[in-house]
Amino acid sequence: MITGATRVAGIIGEPVRHSLSPALHNAGFQSLGLDIVYAAFEVPEGGASGALQAMRALGLVGLSVTMPHKQAVAAAVDVLDPAAAALRSVNTVVAQPDGRLLGCSTDGAGFVASLAAAGVRVDGASVCVLGAGGAARAVVDALGRAGAAAVVVVNRSAARAAEAAALAAGRGSVGDESHVSAADLVVNCTSVGMGTDELPVAASSLRAGQVVADIVYHPRRTALLRAAADAGARTVEGLGMLVHQAVLQQELWTGRTPSIEAMRAAAERELAARHQ
Ligand code: NDP
């Protein structure tokens, strides 16, 4: 029940109505027994600093940030965590006790946490990251922080690949599809396979003994993951990253860990309702 004591958190973006974040976060706050509701705020490009002023004025519990505001929020908050500073991109705003706004980036750490939850270790691994967009950059940065031995970035546009590889704590390089089969871990961070049966790399590049992760989560079992399983590789679905980056956001806002199972179930229900 919403009362005068209920507090508000939310996400800013445009478009944002399709976001799974309200389903995830409301399930998480409920699992903690907290009187907080989480809403989606459609904020057009250019509106990020106004939204941050509103956050202060209204005493919002926290804000998630999605496109097109991630860079503008990084420039407008008072302080950045190390990942957000490296990426110049923020997906989480935290109101600190002294009133300053802290900008964080939980996408990459959420990806690494989703691997850990699946029993996959990054420390010492050789990784091939497909793609060099915003999500790929966050993943490369987090792989570097988590101790990956080597991170090879393969992308259609070579200039963007070099920029992403530079985020891997000095262990990044630019490669091509021939680097896929040697990697311990292959991560698809392109949008290829989203809502289609396309593969970001040839199925023949995948092999038994590898872990293949896809950050695309619609469909849950992407064509890449199906091809990887056929080749005998272990697979990790993209929904885990979405859930774990939100779990990390709730930890930042509340200092407590919500139920990962409740948040995952809410995301699964929401996805199933949309695509039946
Ligand atoms: P961007 O638009 O920033 O990057 C897209 C990437 O995909 C670029 O590397 C681009 O290459 C590549 N790409 C796009 N189309 C093709 C193609 N036809 N052939 C080869 N490469 C292609 O998007 P994001 O990084 O924000 O997101 C990427 C995907 O990750 C999306 O599907 C998104 O839904 C998913 N995602 C999942 C998350 C999760 O929590 N599971 C979180 C965030 C994103 P180029 O640079 O050459 O253009």
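Index from 1, following the sequence. For ligands, and for the atoms within them, numbers begin at 1 and follow the listed sequence. Atoms considered below: every heavy atom in the structure, side chains included; atoms not considered: hydrogens, waters and symmetry mates.
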| message | If only side-chain N and O atoms count, and only distance matters, is there a donor-acceptor pair under 3.5 Å linking Thr257 with Gln250? | response |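 There is no such pair (donor and acceptor under 3.5 Å, judged by atom type) between the side chains of Gln250 and Thr257.
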| message | Other members of the hydrophobic cluster containing Val180, with the 4.5 Å side-chain heavy-atom rule, please. | response |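 Members besides Val180, by chain and number: Leu130, Val152, Val154, Val186, Leu199, Val201, Leu206, Val212, Leu224, Leu225.
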Acceptor/donor pairs from residues 12-21 side chains to any protein atom, 3.5 angstrom cut, sequence neighbours excluded:
{"unit_1": "Ser19", "atom_1": "OG", "unit_2": "Ser21", "atom_2": "N", "d": "3.0"}
{"unit_1": "Ser19", "atom_1": "OG", "unit_2": "Ser21", "atom_2": "OG", "d": "3.3"}

| field | Charged N-O contact under 4.0 Å between Asp141 and Arg145 | value |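 Salt bridge between Asp141 and Arg145, a charged N being under 4.0 Å from a carboxylate O: yes.
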| task | Show the protein residues that qualify under the rule heavy atom under 4.0 Å from an atom of ligand 1, listing them in chain and number order. | result |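 Ligand 1 pocket, heavy atoms under 4.0 Å: Gly131, Ala132, Gly133, Gly134, Ala135, Asn155, Arg156, Ser157, Arg160, Cys189, Thr190, Ser191, Val192, Met194, Ile215, Val216, Tyr217, Gly238, Met241, Leu242.
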| With under 30° as parallel and over 60° as perpendicular, where do the rings of His25 and Trp253 fit, or are they tilted in between? |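 Answer is tilted, since the angle falls between 30° and 60°.
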| query | Looking at residues at least two apart in the chain, or sitting in another chain, which of them share a side chain to side chain contact (heavy atoms under 4.5 Å, CB included) with Arg156? | reply |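 Testing Arg156 for side chain to side chain contact (heavy atoms under 4.5 Å, CB included), a comparison that skips the adjacent residues, returns none.
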